[in-house]
Amino acid sequence: MASALESYQTDLVEKAMSVDALKFGSFTLKSGRISPYFFNAGLLSTGPILAALSAAYAATISKALSASQLPQFDVLFGPAYKGIPFAASTALVLYTKHDIEVGFAYDRKEAKDHGEGGMIVGVPVAGKRVVILDDVMTSGKAARGAIDMVRKAGGNVVGVVQALDREEVGQDGVSSTVHEIEGLVGAGRVKAILRMRDLLVWLEKNGKQKELESMRAYWDQYGLK
C-alpha cells in the first residue's frame, strides 16, 4: 500500500467528498458487486472541485512525464460530455503551473454535417500524440471508444490518465481492465490520480475505522494484487 498521499490527492479526495462525488457506504455496481465506495465524476461540477481536479490531473501528468512513464504528447482528449471541462481545465493548468503546452480536443455525440464538420472538436489530432482523460475505468468501454475515435481521426494515443483506478480484477477474478487498455496504448501508460489503495491510506490517516475495514475486506476479495 502507498505510504503517504500527495497534497493534490488529499485535496481531491476531500473536495470530492464535499459534493458527494466520492461516497463511502454500500453501493451496488453494474457488475453486481457490492462496493463500499462510489465515485461519480458527474458531480465534479463546481469551481473549487474543478480546480482541484485539474490541478491533480496536471500534477499526475507532469510527474509521469518527468519519470518517463508517459511520452511527450501534443493533445489532451476529453470524451464527451464529462471529459470536456476536464480536458480544457487540465490543459490550462499544465501551461500555467507546469509550463507544458498542449492542445485539447473532445468528441461530439453526433457528427456535424456543416461548418467544420466531423466528430472531433478542438485542435486537430491527425498526426498528433494524444493522451486521453478518463474518470473511472470499470469495463473500459469509454476508454476504448475514445481510443478508437482518435485513431480513426489519425491520432496516436500514447496514454490514458484516470481520476480513479478502482484496482479491481474482472469478473474472471484474474483480468484487469487497466492492463487490457495498456495493451492498446503501451505498458505502464495508464496512470491515475488516485487508486483504491490511496483511499485506504486516506481513511486510515483520518481515523475512519468502519469505512477502512469495509474497504480492506473489499480489497481482499476483489483487489488487483
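Since we're looking at a predicted model, the values are computed, not measured.
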Undergrad: Answer yes if Val93 and Phe77 sit in the same cluster of Ile, Leu, Val, Met, Phe, Trp and Tyr residues linked by side chain heavy atoms under 4.5 Å apart, and no otherwise.
TA: no
Undergrad: Does any non-hydrogen side-chain atom of Val161 lie less than 4.5 Å from one of Tyr57?
TA: yes
Undergrad: Any link between Leu224 and Val190 through a network of hydrophobic side chains (Ile, Leu, Val, Met, Phe, Trp, Tyr) touching at under 4.5 Å?
TA: no
Undergrad: What heavy-atom pair brings Gln9 and Ile193 nearest, and what distance separates the two atoms?
TA: NE2-O, 2.8 Å
Undergrad: Do the side chains of Phe73 and Leu92 join up, straight or via other hydrophobic residues, at under 4.5 Å, putting them in one cluster?
TA: no
Undergrad: Rounded to the nearest 0.5 Å, what separation is found between the OG atom of Ser214 and the CD atom of Gln209?
TA: 10.0 Å
Undergrad: If every non-hydrogen atom of Val158 is compared with every non-hydrogen atom of Pro71, which pair is closest and at what distance?
TA: CB-CG, 3.6 Å
Undergrad: If you define the side chain from C-beta out and look only at heavy atoms, does anything of Leu184 sit under 4.5 Å from Val157?
TA: no
Undergrad: Is the backbone of Gly42 close enough, under 3.5 Å, to the side chain of Asn40 for a donor and an acceptor to pair up by distance?
TA: yes
Undergrad: Is there side-chain contact between Val131 and Val75, with heavy atoms separated by less than 4.5 Å?
TA: no
Undergrad: In Å and rounded to the nearest 0.5 Å, what is the CG to CG distance from Leu5 to Leu194?
TA: 7.5 Å
Undergrad: Is Lys15 close to Asp11 at the side-chain level, that is, under 4.5 Å between some pair of heavy atoms?
TA: yes
Undergrad: Does a donor on one side chain sit under 3.5 Å from an acceptor on the other, for Thr177 and Arg166?
TA: no
Undergrad: Do other residues, nucleotides or ligands put more than 12 heavy atoms under 6.0 Å from the CG atom of Asp220?
TA: yes
Undergrad: Please determine whether side chain to side chain contact (heavy atoms under 4.5 Å, CB included) holds for the pair Ile100 and Val102, giving the CA-CA distance in whole Å, both sets of side-chain angles, and the decisive distance to 0.1 Å.
TA: CA-CA 6 Å; Ile100 297 172; Val102 297; 4.1 Å; yes
Undergrad: Hey, could you give me the CG/OG distance between Leu94 and Ser89, rounded to the nearest 0.5 Å?
TA: 9.5 Å
Undergrad: Between the side chains of Arg144 and Asp148, is the shortest nitrogen-to-carboxylate-oxygen separation below 4.0 Å, so that they form an ion pair?
TA: no
Undergrad: What's the spacing between Asp20 CG and Phe39 CZ if we round to 0.5 Å?
TA: 12.5 Å
Undergrad: So for atom OH, which belongs to Tyr95, do other residues, nucleotides or ligands contribute more than 12 heavy atoms lying within a distance under 6.0 Å?
TA: no
Undergrad: Under a plain distance cut-off of 3.5 Å, with no hydrogens placed, do Lys191 and Gln162 share a side-chain donor-acceptor pair?
TA: no
Undergrad: Would you sort out whether Glu204 and Arg216 count as a salt bridge (charged side-chain N to carboxylate O under 4.0 Å, His left out), showing the intermediate values?
TA: CA-CA 11 Å; Glu204 184 170 20; Arg216 282 177 171 164; 3.6 Å; yes
Undergrad: Under a 4.5 Å side-chain heavy-atom rule over Ile, Leu, Val, Met, Phe, Trp and Tyr, are Met149 and Met137 clustered together?
TA: yes
Undergrad: Side chain to side chain contact (heavy atoms under 4.5 Å, CB included) for Leu22 and Phe38? Distances and angles first, verdict last.
TA: CA-CA 6 Å; Leu22 174 62; Phe38 188 71; over 6 Å; no
Undergrad: Nearest 0.5 angstrom please: Leu212 CG to Phe24 CZ, how far?
TA: 9.5 Å
Undergrad: Could you report the tightest heavy-atom contact between Met215 and Leu199, atom names first, then the distance?
TA: CE-CB, 3.8 Å
Undergrad: Within the 4.5 Å heavy-atom criterion, are Pro79 and Asp107 side-chain neighbours or not?
TA: yes
Undergrad: Check whether Asp165 reaches the backbone of Ala192 with its side chain - one donor and one acceptor, N or O, closer than 3.5 Å.
TA: no
Undergrad: Walk me through whether Thr10 and Trp202 qualify under side chain to side chain contact (heavy atoms under 4.5 Å, CB included).
TA: CA-CA 7 Å; Thr10 299; Trp202 186 89; 4.2 Å; yes
Undergrad: Starting from the C-alpha separation in whole Å, work towards a yes-or-no answer on side chain to side chain contact (heavy atoms under 4.5 Å, CB included) for Ile61 and Leu133.
TA: CA-CA 10 Å; Ile61 291 168; Leu133 294 187; 4.3 Å; yes
Undergrad: Are Met17 and Tyr8 in one and the same hydrophobic cluster, where Ile, Leu, Val, Met, Phe, Trp and Tyr link if side-chain heavy atoms are under 4.5 Å apart?
TA: yes
Undergrad: Is a side-chain N or O of Asp74 found less than 3.5 angstrom from the main chain of Arg129, in a donor-acceptor match?
TA: yes
Undergrad: What closest approach, in Å, do Ala87 and Phe104 show between heavy atoms, and which atom pair accounts for it?
TA: O-CB, 4.0 Å
Undergrad: Donor-acceptor pair, Ser62 side chain versus Ala59 backbone, under 3.5 Å?
TA: no
Undergrad: So which heavy atom on Glu167 is nearest to which on Met196, and how close?
TA: OE1-N, 3.3 Å
Undergrad: Please give me the minimum heavy-atom distance between Leu12 and Ala56, naming the atom from each residue.
TA: CD2-CB, 4.2 Å
Undergrad: Please report the interatomic distance OG(Ser54) to CG(Leu76), rounded to the nearest 0.5 Å.
TA: 11.0 Å
Undergrad: Between Glu211 and Tyr37, is any side-chain donor less than 3.5 angstrom from a side-chain acceptor?
TA: no
Undergrad: Hey, is Glu182 close enough to Arg189 for a salt bridge, meaning N to O under 4.0 Å?
TA: no
